[in-house]
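Read the structure below first, then the notes.
Every chain is numbered from 1 and lettered A, B, ... according to where its sequence line falls, protein lines coming before strand lines.
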Protein chains: 2
Amino acid sequence: MRAPTERQSASETRDRILDAAEALFVEHGFEATTMRMITSRADANIAAVNYHFGSKDALIQEVFKRRLTELNRRRLAALDRQEAEAGGAPLKPSRIVEAFFGTALEMAADTAHGGHTFMRLLGRTYTEPNGFVRQFLAEEYAEAVERFLAALYRALPDVPREEILWRFHFMMGAMSYAIAGTDALQLFAGKFDDAAPERLLPRLMSFLLGGLRAPLPGQGVPGENGRGAPTRQ
Amino acid sequence: MRAPTERQSASETRDRILDAAEALFVEHGFEATTMRMITSRADANIAAVNYHFGSKDALIQEVFKRRLTELNRRRLAALDRQEAEAGGAPLKPSRIVEAFFGTALEMAADTAHGGHTFMRLLGRTYTEPNGFVRQFLAEEYAEAVERFLAALYRALPDVPREEILWRFHFMMGAMSYAIAGTDALQLFAGKFDDAAPERLLPRLMSFLLGGLRAPLPGQGVPGENGRGAPTRQ
DNA sequence: TCATCAATCAAACGATTGTTTTAATCATAC
DNA sequence: GTATGATTAAAACAATCGTTTGATTGATGA
């Protein structure tokens, strides 16, 4: 509800649209979210999206760009910090994992500034079939993924790189579901009511590191005893 | 291309529509897949969907029902087999995990009968915001999840149930990405060309078991050394 | 041979989609 | 005060959406 006489600066309307779109994309997905839903929620005119962004697709890109650039900037900063501490030595896998996935969960815990909303959207989007969004994600992620994979390769020289790549992929999946969180969990256990986001990070981190350091397939019987784990921490 | 004179049995058209819809849902998502795309690919008339299924939403449900019922039937059968072998004793976590996730990957490896297509669709749908699909999934999954969680609770009596629930959730995420597979992986590593689906199962299984058996958060420093792991296999 | 009925077809339905147009409105600088 | 440029507003755009209609087809059993 806004007084029609009071005028907003351009950037205010732009930001309101971005926030509204972000929230609606989480709730309904890209396709099911209409321009009218967005502008209505943002208290803006239907033409405002095309005026400020050009098209709906461009708006989607901008929603991602705004948050993703910041997320990967923080990730790389965290990695830089760890590498500076290590002083040339290979990092522990746990430090690398925490720099990448911990930063993401940190952002997801920030409910005040919309970080939570966005991270739920992001986690789902990796597997989403929308062509141009996927390509955009790939470009935006390229640098961060390259550096983190390189760090993991250094940290785990005895593990085949292909295996590390797959496990990184698995970890992304676990994180994605962790952030999607309670909603998807209630799908399994209706009674679930643990609303403690501060406990999520250690929970996920234990799981991820356990998976990353698991014995390689073929070495020892996975179901019997995990001897000869080639990973280290 | 079908001769207009030759007549198809009702079920043939129905199945062609289901197959076409399944494939298109994977490729474009639910909303972006139109009735005309489906009927065109199925070589059927635009009215055929509403005639055979009633509505688009009902078609979506039927796409899931057809495969999901069979998947969970196999899962429960695998669990029954393990429990019969154990003869009353608690199962090893590895057996439980393999019965649940191994069966899924088995189905995903079946490219001949559309299992692969469907599993990619399924993995994405857990985090998809489409309301009625999620509710349908919850109902269809209820029995299997209940029995597998109960088996895990028995297998890991020292681990808090809440923790098991979360780790089961994380495992679902890893599996989902594993099946989404190479497509999503290429998002990170463009050069990736490992098309060896038979190696995926042991890879994923090692990772999942490593995560499930990881030291609990709070017990020992996750990044330092995983002593005092309360899980067993 | 004819009635029956499930299945298919072309065509159209109203509703809604993203986008564009044209005019009105505001703050600002001269 | 007035011209300028950016923003907002209402209305309409063509296109496409899921769905429905009414006619037609072809196999089946009496």
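Within a 6.0 Å sphere centred on CD of A/E143, heavy atoms belonging to other residues, nucleotides or ligands number 12 at most.
Atom-to-atom, NZ of B/K56 to C1' of D/dT16 comes out at 12 Å; the value is rounded to the nearest Å. The distance between atom CG of B/D43 and atom P of C/dA7, rounded to the nearest whole Å, is 18 Å. Rounded to a whole Å, the CZ atom of A/F53 is 16 Å from the P atom of C/dT20. For the pair B/M37 CE and D/dC17 P, the interatomic distance rounds to 8 Å; values are reported in whole Å. Rounded to a whole Å, the OH atom of A/Y51 is 12 Å from the C1' atom of C/dC26. For A/M35 and D/dA11, the CE to C1' distance is 16 Å, given to the nearest whole Å. B/L59 has its CG atom 14 Å from the C1' atom of D/dT19, to the nearest Å. The interatomic distance linking A/E12 (CD) with C/dC26 (P) rounds to 16 Å, in whole Å.
For the side-chain hydrogen bond (donor to acceptor under 3.5 Å, both in side chains) test with B/D19, the passing option among B/R14, B/H113, B/R41, B/R66 is B/R66; the others fail. For the side chain to side chain contact (heavy atoms under 4.5 Å, CB included) test with A/L122, the passing option among A/L137, A/V26, A/I179 is A/L137; the others fail.
In this pair, A/W166 and A/H169 present their aromatic rings perpendicular. The plane angle is above 60°, beyond the 30 to 60° band.
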Tabulate atom names and distances for all N/O pairs under 3.5 angstrom spanning the protein and nucleotides 10-12 of chain C.
unit_1: C/dA10; atom_1: N7; unit_2: B/N45; atom_2: ND2; d: 3.4

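At a threshold of 4.5 Å between non-hydrogen side-chain atoms, the residues B/F136 and B/K65 count as touching. Side-chain contact between A/M175 and B/Y177 is absent, with no heavy-atom pair separated by less than 4.5 Å.
Not one side-chain nitrogen or oxygen of A/H52 sits closer than 4.0 Å to the OP1 or OP2 atom of D/dA6. Applying the 4.0 Å criterion to OP1 and OP2 of C/dA7, one finds that B/T13 has every side-chain N and O outside that range.
Distances were taken from every side-chain heavy atom of B/N50 (C-beta onward) to each of C/dT19, D/dT19, D/dT8; the shortest belongs to D/dT19.
Residue B/T39 is out of contact with every strand shown, counting any heavy-atom pair closer than 4.0 Å.
Aromatic ring centres of A/F148 and A/F168: separated by at least 6.0 Å.
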